[in-house]
Structure formats: C-alpha cells, structure tokens
Amino acid sequence: MRIFSGIQPTGNLHIGNYLGAIKQWLDLQHENDCIFCIVDLHAITTSYDKELFRKEILDQAASYLAAGLDPEKVIIFVQSRVKEHTELCWILNTITPLGELYRMTQYKEKSEKYKNSESAGILNYPLLMAADILLYDTEIVPVGEDQRQHIELTREIVRRFNSKYGEVFVSPKEKLPSKGARIMSLSDPKKKMSKSDGKESYISLFDSPEEIKKKTKAAVTDTGKTIKYNPSRKPGISNLLTIYSLLANKRIEEVEKEMKGKSYKALKEETGDLIVKELHPFRKKRRELLSREVYVEEVLKRGEEKAATLAESKMGEVKKKMGLW
Ligand code: AMP
Ligand code: TRP
C-alpha cells in the first residue's frame, strides 16, 4: 500500500504528534511503500522565523529519524523541494467550491484566531494537503483525528476531478490510531495538545527527564479521587490514562486496574516516569543525528529525488487529461 503523511516543521514534535501520527508511521513502514513529508509550505501560512527555518526543517528530519523511521525503507523529503505540490494545488483550486473550504473546522478555528485578517493560504491549506496526497497515488494517510475532515475533502476532490477529466487520482483513506487520536493539553485537558500553546501544556519528544516530570506533576486533573477513564467528566485523568496506555501498549482497562486505589499524584508520577523511559532513546538518537547534519541532508536529498520522479509522472498525467499544453 502507498502511505503518505506529513507534519509541519514548526518547533518540537510533542507526544500528541507521536501518539497520534508518528507511532502509526513506525508500524506501517515495514510492510508498505511509505512517504513522509516535512510540509514547509504549510508552515509558512502562519508566522515563522525565516532565519531559523532551515534549521527547523533539518531538526524535523532528524526527529523523524530519531523516532525510528528507516531511511532505507521510507522516503523522507521536504515539500517545497518538489514543485509539483504547488502546481497541483493550483489545479485543485480550480475545481473546488469555496464553500467546501469555508466549512473546514481547522479553517474556522484559525480564522477566528486571526480575526478575519487571515491569508488566502489559511483557506486553501487543505488543497495543498490534497495535492500532497494525490501526487503519489496514496491509499492510506495516517494522521490524528483533527485531519480527518481534510482527507474527506480530498476524496471529494478525487470524485470531482475523476468524473470531470477521467480517472487519474486514487481515493485515499485516513488511518487514525485506535485510541488517543487526540492527546489533550496538560494544562487544559479540554483542549487538544498543541505546540502553539504554552510550553507547560505539552511534552516534547525531546524534553529532559526533569522537564517531563515537572510537567506531568503539574498536569491539571479533575475533582474526585478515583482513577477512572471518563473523558467528559474526568478529562485530565482520562488524558493521562490514554498517554499511559498508548506508551505501555496496554488497554485502558488494564491500566485502570493497575492504578486502582492509587492517588492522582501517583498516576501523574508513574505516567511521568513511563514517558521519560519511553522517550529516552529518541533523545539520545536525536542528539547524535543533530551532529551529523550532512547525513541528514543526504537522506532528504535522496528522498527528494525519489519523490520528484513520482510527482513529475503524476503531474504529466494530470495535464494530459486536462488538455493543458
Ligand atoms: P500538527 O502538529 O498540527 O502539524 O500535526 C501533525 C500530526 O500530528 C497530524 O497528523 C495531527 O493529526 C497529529 N496531532 C497533532 N496534535 C495532536 C494531538 N494533540 N493528539 C493527537 N494527534 C495530534
Ligand atoms: N495538514 C496536516 C496537519 O496540519 C499536515 C499535512 C500536510 C499532511 N500535508 C499532509 C498530513 C498530507 C497528511 C498528508 O497536521
């Protein structure tokens, strides 16, 4: 199966990205044809630091590798290096009704934040994402729950394009993790964990053990005493149980049983300890990779060449079907 996914190179990856997306990538890479992209063109739709950007992209590539993606098996590349992404994005613009873009939850959330001074890029963001996916005949897109609507839109685009111009695109399906598709903020467990919020609200894959313990200790929990999974009534405790169960590869009920009779404080400490333990190899490997910049650049270069070959061929097909010169 052809798999495609991407993450923006903005700041550190957090455990939400890991449990929601990357952990699935690691499982999928063995048996499938995988492409993982660093979506820098998506990242520039919000403010970013142009002096730091190159370093952040390299850092993201090092993080992908440190998390365990095998560059011998998968393609890792930077979106803006393959020009067909923007080219196809324009074409998709011409067949997508504006109403469908205005309807997107992520657009609504972001435009609220910008108070109607948002760029057209924020609105057209899902079309660039659809182009990413469609250029490679992607069948499966492993992402967190928040991206589901964008994949649904991509299927709509496939339907519309194929019926207008003839069969060119493959219809993709999202693959969400079984649970924990949404890891919540540590400081406000009713909100999704996000790197655009304060540092105390998320745990980066590369935080030090001290930072991790401090953040989990300070995690906002709920009233009451019993450790029970109930996201609507006990969002804080449920979030910790989810993180614990995903990292330990145990079912929530099993974790509940283990924690029975223990205090909230104990749950926080044990979750902190488990996160420290599970993330230790990532930290070590990333440190090593960051000192091997040339190697990481080489991985990206190789990925780019492979991706470009596939993308050029697909774009040729698209233009031909559309009667473009
Ligand atoms: P982003 O950081 O928004 O670019 O998201 C990158 C990937 O991580 C996407 O597949 C998201 O669905 C996933 N993701 C981001 N935040 C979370 C979260 N709090 N819980 C689960 N998955 C997430
Ligand atoms: N839009 C995704 C996000 O915000 C990132 C992304 C861009 C992506 N292109 C993609 C994810 C293609 C999957 C497939 O998280």
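Just so it is clear, the values below take in all heavy atoms, side chains as well, and ignore hydrogens, waters and symmetry mates. Atoms within a ligand are numbered from 1 in the order they appear, just like the ligands themselves. Note that the coordinates shown come from a computational prediction; the quantities given were computed from them, not determined experimentally.
We find that Lys301 and Glu298 are not joined by a salt bridge, their nearest charged nitrogen and carboxylate oxygen being 4.0 Å or further apart. Ion pairing of Glu100 with Arg160 is present here, as a side-chain N (NZ or NE/NH1/NH2) and a carboxylate O approach within less than 4.0 Å. Remark: Lys321 does not engage Glu317 in a salt bridge, criterion side-chain N to carboxylate O under 4.0 Å. We find that Lys215 and Glu211 are not joined by a salt bridge, their nearest charged nitrogen and carboxylate oxygen being 4.0 Å or further apart. In summary, Glu174 and Arg155 engage in a salt bridge, as defined by a charged side-chain N under 4.0 Å from a carboxylate O.
Remark: ligand 1 atoms within the under-4.0 Å shell around heavy atoms of Gln147 are 12 (O). Below 4.0 Å from some heavy atom of Val141 lie the following atoms of ligand 2, by number and element: 13 (C), 14 (C). Per-residue contacts place Gly20 under 4.0 angstrom from the following atoms of ligand 1 (heavy atoms of the residue considered): 21 (C), 22 (N). For ligand 1 and Ile183, the ligand atoms under 4.0 Å from any heavy atom of the residue are 18 (C), 19 (N), 20 (N), 21 (C). Atom numbering of ligand 2 starts at 1 in the shown order; those under 4.0 Å from a heavy atom of Ile133 are 12 (C), 14 (C). Ligand-side atoms of ligand 1 in range of Lys195: 2 (O), range being under 4.0 angstrom from any heavy atom.
The shortest heavy-atom distance from His14 to ligand 1 is under 4.0 Å. Distances shorter than 4.0 angstrom occur between a heavy atom of Asp132 and an atom of ligand 2.
Residue contacts with ligand 1: Met193 is placed with a nitrogen or oxygen under 3.5 Å of a nitrogen or oxygen of the ligand (distance criterion only). Among the atoms of Gly16, some N or O lies under 3.5 angstrom from an N or O of ligand 1. Ligand 1 has an N or O atom lying under 3.5 Å from an N or O atom of Gly144, backbone or side chain. Polar contact with ligand 1: absent for Val143 (N/O pair, distance under 3.5 Å). Note: no N/O pair closer than 3.5 Å links His150 and ligand 2 by distance alone. Taking any N or O of Asn17, backbone or side chain, at least one lies under 3.5 Å from an N or O belonging to ligand 1.
In Arg182, the part holding a heavy atom less than 4.0 Å from any atom of ligand 1 is the backbone. Heavy atoms of Gln147 found under 4.0 angstrom from ligand 2 belong exclusively to the side chain.
For the residue pair Thr271 and Asp273, no side-chain donor N or O sits within less than 3.5 Å of a side-chain acceptor on the partner.
Taking the six-membered ring where tryptophan is involved, the planes of Trp25 and Tyr64 are perpendicular, since the angle between them exceeds 60° and thus also 30°.
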